[in-house]
A.B. asks: 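The structure that follows is given in the form of structure tokens.
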Amino acid sequence: MTSINLCICGEAGQGLVTIGQLLAKCLVRAGYHIVVTQSYQSRIRGGHNAFFIRVGASPITAPVGPIDLLVPLNEESIEIHRGEMAADGWIFRDADYGMDGDRNLPVPYASFGGGIYVNIAAFAVTGCLLGLDTSLMEGMVREAFGKKGDAASEKNLSVLARTVEWAKNLDIDFKGLPAPASPSRRMMVNGNEAIALGAVAAGVRCGFFYPMTPATSIILTLIKHAREAGIVMEQAEDEIAAVNMAIGASFCGARSMVATSGGGYALMTEGVSLAAMTETPLVIAIAQRPGPATGLPTRTEQGDLEFVLHGGHGEFPRAVFAPGDVTACFALTVKAFDVAEASQGPVFILTDQFLADSYRAVEPFTWPEATGNPAERDREISPEDYQRYALTDDGVSPRAFPGQSGALVVADSDEHTEAGHITEDLRLRPRMVRKRLRKMARIREAVVPPVFSGDASPELLFVCWGSTMGAVEEAVETLRREGRRAAMLHFSQVWPLRPGDFMDTLESAEKVVAVEGNATSQFARLIRRETGFAITRHVNRYDGLPITPGFILDGIARMGKGV
Amino acid sequence: MTSINLCICGEAGQGLVTIGQLLAKCLVRAGYHIVVTQSYQSRIRGGHNAFFIRVGASPITAPVGPIDLLVPLNEESIEIHRGEMAADGWIFRDADYGMDGDRNLPVPYASFGGGIYVNIAAFAVTGCLLGLDTSLMEGMVREAFGKKGDAASEKNLSVLARTVEWAKNLDIDFKGLPAPASPSRRMMVNGNEAIALGAVAAGVRCGFFYPMTPATSIILTLIKHAREAGIVMEQAEDEIAAVNMAIGASFCGARSMVATSGGGYALMTEGVSLAAMTETPLVIAIAQRPGPATGLPTRTEQGDLEFVLHGGHGEFPRAVFAPGDVTACFALTVKAFDVAEASQGPVFILTDQFLADSYRAVEPFTWPEATGNPAERDREISPEDYQRYALTDDGVSPRAFPGQSGALVVADSDEHTEAGHITEDLRLRPRMVRKRLRKMARIREAVVPPVFSGDASPELLFVCWGSTMGAVEEAVETLRREGRRAAMLHFSQVWPLRPGDFMDTLESAEKVVAVEGNATSQFARLIRRETGFAITRHVNRYDGLPITPGFILDGIARMGKGV
Amino acid sequence: MVTLADYGEYETAWCPGCGNFAILNAVKQALVKADLAPQQVLFVSGIGQAAKLPHYLNANVFNGLHGRSLPVATGAKLANPGLVVIAESGDGCNYGEGGNHFLAALRRNIDITLLVHDNRVYGLTKGQASPTSPEGFVTKAQPLGNPSIPFNPIAVATVMKAGFVARGFAGDVEHLSDLIVQAISHRGFSLVDILQPCVSFNKVNTFSWFKERCRKLDANHDPTDIHAALEVAMAEEDEIPIGVIYQNDRPPFEDKLGLTANGPVKTGETERREAFEKILSAYY
Amino acid sequence: MVTLADYGEYETAWCPGCGNFAILNAVKQALVKADLAPQQVLFVSGIGQAAKLPHYLNANVFNGLHGRSLPVATGAKLANPGLVVIAESGDGCNYGEGGNHFLAALRRNIDITLLVHDNRVYGLTKGQASPTSPEGFVTKAQPLGNPSIPFNPIAVATVMKAGFVARGFAGDVEHLSDLIVQAISHRGFSLVDILQPCVSFNKVNTFSWFKERCRKLDANHDPTDIHAALEVAMAEEDEIPIGVIYQNDRPPFEDKLGLTANGPVKTGETERREAFEKILSAYY
Ligand SMILES: Cc1ncc(C[n+]2csc(CCOP(=O)(O)OP(=O)(O)O)c2C)c(N)n1
Ligand SMILES: Cc1ncc(C[n+]2csc(CCOP(=O)(O)OP(=O)(O)O)c2C)c(N)n1
Ligand code: SF4
Ligand code: SF4
Ligand SMILES: [Mg+2]
Ligand SMILES: [Mg+2]
């Protein structure tokens, strides 16, 4: 087995996320690769949640369907997931549950401590059978429960020890994983944390928000580090306030961001337009969930692409990044701040619940030497005749900040003069329109081109964007193993597009399939709008779950012989 | 001369709109055709406003540039418009203004009454020289000022009489217009009024709004007639409230609408998504003005097309109408209500400041026999097992209203069961997605195809949408008179598009030019996205002023020999 | 006679021990006491734990967007004034995201009842401070403690002369259901702010914290006396008065618009056509 | 020494006779009295006639969206607490479209000054009722008269224990400019609601209507006494008290966040990098 798909599940409030995180971190420390998928409902207690860890000794990039190891924290969970078990999958379940049949291991949780210690015991059994070092697990328990006072820590450690003792003596045919390659030191981070850390690296100074799943953890991560990093974070009264606060802060020189999901973004669109008109840098992170309206608040989808491309009235430049994995979440957030500052306007980071919540083992994030303050023009400011909207060749005007130089800074949401004052001069208007649009060139220069991988002259080319990258990558690998010339073209920046970056690839492929987490193939439409190239084959998922390699392969299979 | 372009202008607050309206109405009653363009600033007093009436004995459809007759109400106005005068244009100006040069008529306003009566005198001189019957003007003055008590009316009438007496004896070479064809009885209506009257005809029951130029007069017109028509109108605390109120009212069975401009619409997008998810009919009228942000609040633009096409998170059907003239404003508003009801979701009427404020002489609006309540399925409701979101073949579920039948009606912004209750059933989700999207078929069936006019096999085809229709029409006529094979393809519904309706036309034209009141050719991009057809020639205007035939001809000329 | 059974029993998605269960009971009891059949009632809610309530009884329901229950309820009532319209949502929904609608509702005085489940926290999004959270309230989003002071809905509603202003407690279902009956029967805008323990995220304002403090208003409190009402509304929290705090007989919004129970949804086609033809005459 | 000349003289787009001219004078005088140079001050406004004011003086200016001056001002102040931030807009902007931000500002008590030009009407959009328009106020949009009762910003700010609550009158520039000076110097959120005649659209609350009613508060009014303040705030309109109505010394928001005048914009790259490396250590 090259990877094991592990599912810890039960009711909300049972602490399964804690077990999952501890286990995942141990696996990462042991040198494994992981892809975590969190499945939860819009409620605090009860219902059914699951924390999937797919773990591999060599790199893996996508969630998969069949469960190799189910760790149910309640009986109902077994019913729910029974149908998803891999043929040789195992269920590690409480010995008290009535259950028969093969490949299920009754675990005498009560005997290890019971009650709230079931979680630690489940962690221990699972870790043990996956081949984790006991000392690694002990260290993790100490880190996690040490603060609670020695007593708690000791109790947890003794449950751990007892469970490990029991598990070590088991003799079942559960196939563990080979030892990973000599483990480099890596971080365990999910998409939302990576965005927050990217913002820290980019020098974010202020963040504003109104809580909204699945974006909230971007904010909570920033808040966790705010004191240390000297960042001001404020919960706004609504999303409209959040975006306007960010604009106010950015106007005063603070790199600023907001984070939300589709519905909150809807309320921010007027502010996006304001950022554009006042030429104020603004970074907007949007973690998508299925809509319309409240939709499925805790699930995943890629249904807001077109809304993000076009939200806000009037015409203005913008950039939209769509990271394909956790590492890209970090790097593209840094870049988003730079592009926002270089183009003095709104820039988006578009992810989704799957990626937001998906922990991965990643190479250590590094301080982006190149960032800081690319607004090199600030130096040219002469306070006496400073004009915030001076008409320049590239449309970018020198940016001064109130109270930070002798210059008075005047910004206006109305059409304005170079000095920033409201105007009704209709001859000036088109010049200002063109000035703003000219900044698109700066954005275009900095575009992250799509990444191509797979067969060099593919008969089957998958086009995808954002979080589906890993699933497409693995589907391509499978197809290639089956002897097909398959390849992937993944866009981690979906706007603007530079056809020169990818048209050859598109046109040389025999068959092109767009893979999107939505029902209407929004990115394929965009490609056609920008290039004329019509993609006619589509794999779409819109049931709230992430796209897996299997889903793609099934989709291809359903397309029949021709594909 | 086939038409006269008349410009009455001065400061805001001088009453020039009143003169303009009275004159325009007289002209309509006399059987003339008119195209009114209102040019005003975002202020209440002072500044410079203008009321243009282009008048013709035979049909005219567009505003034009050169002024044939300038009626300045202050001296500054002469300076402002001097450069726009036609070669044989006349200025009728106060005798007190110091001015020399040809073709300007000093009018001794003070001698007719002066003060507030200057307006009536200006009306009288202009009317007289345009050849209006004195009795027609008298009737108009009586209608307009009769209510103010006999004294006021008499005084106005005497100023009118004195001015007419003076004007009759003038001998200047100002060329009037031929008498119009035997005048049928027509209405004088502007775009916003036509939308309001269309809503009344469609049976609108509730309207909600937050004031926003240039949409406010849709609302004010509805309010004027609300009592008579039994319509409930309420000014909301903000646009978010307005759209949610409309959804609440519509949910209870009242045909409902909101009207706003781009910035207000931005705030409504979350509500648009709500209407879609709850499957509640909603008509949204958007009168565009130049953006981004506050932009030029009293000017015109077609810059919000893409935002209207994509506003609201998640994926759902919508229809977008873009009337080309005042008559279409009426008819398409009626249709918008029907389509909203048939598809149980949001439908847009997209106009702009130019059309909103442009008075025209139109054939009498008629009661739309076919409308009323097309929700034929309401009859099938059985209260016991009523399900608001029953999965049907065409995606349209029977619609019951709270308290109006025995059925309990449950609507939900979350993904829901057929019964309307919140669900986390991920197998049901895709079925509900497809159900909602299936309703697109109903919208598609009802699409208003684009209108083609001009040379049957054109070498030069203009593609346009919305309010630019008239200007394109006249530009085409001019080009044809010059011997060119020119034609127009005008879209009064911009979404959805049915390529079958127009691809032959597009493909058979030698050269295609898109004419749009924006800077980024949004409609041309949409055409490409939907058909692959790339329009490479563009006429764009984005200075806040309406597109005129002359602007188009100039644009063509600038494209050089090839075009 | 309407019975509790008419309003059904449903599974909920709330945490065991949540104050919402008691509020649900109180609401059902109130509807029965008021002898309102499910068909007569429309519940409008936003998004949040509280806002799920209407899914757990039989009635007409519009479960809309977070923060927007009041405007939907307002539109519904204007379209069909014959309906009993109840807006039901959390403190975050009504005083946070929807604060502007709350202010406008106070001014409008439309005949709807607003039930606010005031658990002083954002429950559904896992425990951030809400507008009514105490100053200093520590959460993951406010690790240094809530830097703002709490919103006082009762005081604001009272100074704005709302039609009916009451405070209830989820720990006293009988009393609460009486308040709801009164709120529904009041013609005009009625606010019932309901103190609700959230066992998962509010460890400060717990059931016993509320229980110790809540005191039914004195029988001789005169809710029509705005000064007395303000006194109560501004009281410090060592004693929390519950009951009808303020009430007046300002005419409801519908009266000012001249609406009858029929409302605009009931106009016939013939009347509409006649009106249309008459209206057109002004445009010739 | 700052002088009036530092703040310049500009052409305006207001109607002759508008109360805004007097407010502009009062604002300039206040800045001079407070000895604030244009560079130290940031004006943030929304959209409306009032909101144009910052274009008519020398200062840092952010003229944003209708209704959104307070959040922009809040963000600006948090980014650079060293700035004197003044939010300036109309009654529609602040109590209508922006009502929710007004409520939040009262709770936050951030050190900004809010000047509301309260002409009780939507001026720029040509005369619809605003949240402070009198009940029954007739406009083209409210031909039967405004069906809502007016918003009472003073009373709401007072019951919400805003830091500084004052009412001024455009007809008394001297008094108004003093109020503005006090508002600016108050550490915390300061509201000055300014009664402003609109000659074009408010024919009810005219200059003389206000003039007849406005009375400076008694010298012995104690603004720190919330009961006295509420009495004043709830007074009927036959006498309209102007002056500082309520004031307290709640710590401003910035203090609770531990912000100094430097604020987050001033952190150096080395400090940021060190923090970053330290933060990462939690993820291994
Ligand atoms: C526009 C928008 N922003 C944010 C959210 C996320 N959200 C859902 S419920 C909620 C808070 C709920 O708090 P409250 O209204 O007090 O209800 P409770 O859960 O405490 O009953 C938030 C912020 C949303 N659904 N929509
Ligand atoms: C989102 C949005 N809605 C509506 C408008 C239109 N609008 C501009 S100013 C204004 C009202 C202004 O009233 P107020 O704030 O009282 O200012 P005043 O003009 O009376 O000084 C409105 C509704 C807008 N600009 N933006
Ligand atoms: S989170 Fe709080 S409010 Fe929500 S159901 Fe649980 S206890 Fe109740
Ligand atoms: S409309 Fe009123 S508020 Fe606006 S400038 Fe004129 S008088 Fe002043
Ligand atoms: Mg709550
Ligand atoms: Mg105002």
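The sequence lines fix the lettering, A, B, ..., with proteins before strands; numbering per chain opens at 1.
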A.B. asks: Chain D heavy atoms under 4.5 Å from C/Tyr95: which part of the residue, side chain, backbone, both or neither?
C.D. replies: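 For C/Tyr95, the backbone is the part near chain D, not the side chain.
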A.B. asks: Within the 4.5 Å heavy-atom criterion, are C/Ile149 and D/Asn109 side-chain neighbours or not?
C.D. replies: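 They are not in side-chain contact.
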A.B. asks: Can you confirm whether more than 12 heavy atoms, excluding those of D/Asp249, are under 6.0 Å from its CG atom?
C.D. replies: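 No, CG of D/Asp249 has 12 or fewer neighbouring heavy atoms, counting only those of other groups under 6.0 Å.
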A.B. asks: Pick one of side chain, backbone, both or neither for C/Ile110, based on which atoms fall under 4.5 Å of a heavy atom in chain D.
C.D. replies: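 No part of C/Ile110 comes within 4.5 Å of chain D.
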A.B. asks: Compare all side-chain heavy atoms of D/Pro131 with those of C/Arg107 and state whether any distance is below 4.5 angstrom.
C.D. replies: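 Yes, at least one pair of side-chain atoms sits under 4.5 Å.
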A.B. asks: Walk me through whether D/Val159 and C/Asn152 qualify under side-chain contact (heavy atoms from CB on, under 4.5 Å).
C.D. replies: CA-CA 8 Å; D/Val159 293; C/Asn152 185 336; 5.9 Å; no
A.B. asks: Can a donor-acceptor pair be found, under 3.5 Å and without considering hydrogens, that links the side chain of C/Asn100 to the backbone of D/Gly96?
C.D. replies: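 Present.
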A.B. asks: If I measure from the heavy atoms of chain C, does D/Pro150 come under 4.5 Å with its side chain, its backbone, both, or neither?
C.D. replies: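 The backbone, not the side chain.
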A.B. asks: If you count heavy-atom pairs within less than 4.5 Å of chain C, which of D/Glu97, D/Lys256, D/Arg108, D/His101 leads?
C.D. replies: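 Greatest number of close heavy-atom pairs with chain C: D/Lys256.
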A.B. asks: Count the heavy-atom pairs under 4.5 Å between each of D/Arg250, D/His227, D/Lys161 and chain C, then report the option with the highest count.
C.D. replies: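 Option with the greatest count: D/Arg250.
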A.B. asks: Tell me, do D/Leu144 and C/Leu257 make a side-chain contact under 4.5 Å, heavy atoms counted?
C.D. replies: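 Not in contact.
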A.B. asks: With a 4.5 angstrom heavy-atom cut-off, which part of C/Phe151 approaches chain D: side chain, backbone, both or neither?
C.D. replies: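 It is both, since atoms from each part get that close.
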A.B. asks: Chain C: which of D/Gly99, D/Gly136, D/Ala155, D/Pro147 shares the most heavy-atom pairs with it under 4.5 Å?
C.D. replies: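 The candidate making the most pairs under 4.5 Å is D/Pro147.
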A.B. asks: Tell me whether the count of non-hydrogen atoms from other residues, nucleotides or ligands lying under 6.0 Å of CG in C/Asp225 goes above 12.
C.D. replies: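 Buried by this count: over 12 neighbours within 6.0 Å.
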